[in-house]
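What follows is a short report on a single structure.
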Amino acid sequence: MIVENTQTQMRKGILEYCILSIISRGEIYASDIISELKKARLLVVEGTLYPLLTRLKNNGLLSYNWIESTSGPPRKYYTLTAAGKEVLTQLDHTWTELVFAVNTSLEGRTPTS
């Protein structure tokens, strides 16, 4: 139970960073974001993603465009705003520091079986 809770919190902590990173590649549809997160083994359902996208948009980090679809209603495609790019740059730096801190703390540790 403790391990599962910690794992969940770790994944939640990096989810926004991963979403911003995925969107930084270019205009993207929400289901494609979910596919990318699943490929990275950060399993996310629409009920988790859409509130995050809304919050990021309301914070000025994302914008979206409606694009007509040949197979149904128009789709909302997301892109990073200038503010979103700045936040992603700051998070890149934070991630580098965290990776260093974790790797440093693991040095010399005997692996557990």
Side-chain angles (χ1 to χ4, degrees):
M1 182 90 139
I2 292 173
V3 171
E4 290 170 358
N5 185 47
T6 300
Q7 290 170 334
T8 299
Q9 292 304 314
M10 290 169 79
R11 289 175 194 266
K12 281 182 182 179
I14 62 168
L15 189 56
E16 285 185 29
Y17 176 48
C18 292
I19 290 170
L20 291 172
S21 293
I22 290 167
I23 296 172
S24 74
R25 300 177 198 157
E27 198 169 57
I28 190 167
Y29 183 54
S31 67
D32 295 329
I33 296 170
I34 290 173
S35 294
E36 289 293 317
L37 292 170
K38 285 181 179 179
K39 187 169 66 173
R41 297 188 207 160
L42 284 170
L43 300 178
V44 174
V45 294
E46 290 180 11
T48 301
L49 180 63
Y50 285 108
L52 272 170
L53 291 172
T54 299
R55 184 160 34 92
L56 292 169
K57 189 223 173 265
N58 290 344
N59 287 334
L61 306 182
L62 301 180
S63 62
Y64 62 82
N65 291 311
W66 288 101
I67 298 178
E68 291 296 324
S69 170
T70 57
S71 61
R75 295 179 171 185
K76 192 185 287 187
Y77 283 80
Y78 294 89
T79 56
L80 290 185
T81 62
K85 291 175 185 175
E86 288 178 30
V87 166
L88 182 57
T89 297
Q90 293 171 357
L91 293 176
D92 285 337
H93 180 70
T94 301
W95 179 251
T96 300
E97 289 177 340
L98 285 170
V99 168
F100 174 79
V102 170
N103 287 338
T104 300
S105 69
L106 296 176
E107 287 177 5
R109 190 182 89 166
T110 305
T112 57
S113 16

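Throughout, residue positions are numbered sequentially from 1 according to the sequence presented.
- With sequence neighbours left out, Tyr29 forms a ring pair (Phe, Tyr, Trp, His ring centres under 6.0 Å) with Tyr77.
- Met10 and Leu52 are not part of a single hydrophobic cluster, where members link through side-chain heavy atoms under 4.5 Å apart.
- Applying the side-chain hydrogen bond (donor to acceptor under 3.5 Å, both in side chains) test to every pair with at least one member in residues 8-21, sequence neighbours left out, gives these pairs: Glu16-Arg55, Tyr17-Asp92.
- Residue pairs satisfying the salt bridge (charged side-chain N to carboxylate O under 4.0 Å, His left out) criterion with at least one member in residues 57-82, sequence neighbours excluded, are absent.
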Using the rule given for side chain to side chain contact (heavy atoms under 4.5 Å, CB included), can you reason through Leu88 versus Ile23, listing the C-alpha separation, both sets of side-chain angles and the distance that settles it, and then say yes or no?
CA-CA 10 Å; Leu88 182 57; Ile23 296 172; over 6 Å; no
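- Within the 4.5 Å cutoff, the side chain of Leu37 has heavy atoms near those of the Leu15 side chain.
- Listed by chain and number, the residues in a side-chain contact (heavy atoms from CB on, under 4.5 Å) with Thr79 are Glu27, Ser63 (sequence neighbours excluded).
- Scanning both residues, Leu80 and Ser24, for their nearest heavy atoms gives CD1-CB, 3.5 Å.
- Rounded to the nearest 0.5 angstrom, Ile14 CD1 and Leu42 CG are separated by 5.0 Å.
- Residues Leu91 and Val99 share a hydrophobic cluster, clusters being chains of Ile/Leu/Val/Met/Phe/Trp/Tyr side chains in contact below 4.5 Å.
- The side-chain hydrogen bond (donor to acceptor under 3.5 Å, both in side chains) contacts involving residues 41-52 comprise nothing, where partners must be two or more places apart or lie in separate chains.
- Asp32 places none of its side-chain heavy atoms less than 4.5 Å from the side chain of Ile22.
- In this structure, NZ in Lys85 is found 12.5 Å from CG in Leu20, a value given to the nearest 0.5 Å.
- In terms of hydrophobic clustering, with Ile, Leu, Val, Met, Phe, Trp and Tyr side chains grouped at heavy-atom distances under 4.5 Å, Leu53 and Trp66 are assigned to a common cluster.
- Contact detail for Gly60 and Ala83: the closest heavy-atom pair is O-CB, 3.6 Å.
- For the atom pair SG of Cys18 and CD1 of Ile33, the computed distance is 12.0 Å after rounding to the nearest 0.5 Å.
- The distance from the CG atom of Leu56 to the CG atom of Asn59 is 7.0 Å, given to the nearest 0.5 Å.
- Here Arg25 pairs with Glu36 under the salt bridge (charged side-chain N to carboxylate O under 4.0 Å, His left out) rule; sequence neighbours left out.
- No side-chain donor-acceptor contact under 3.5 Å links Ser69 to the backbone of Pro74.
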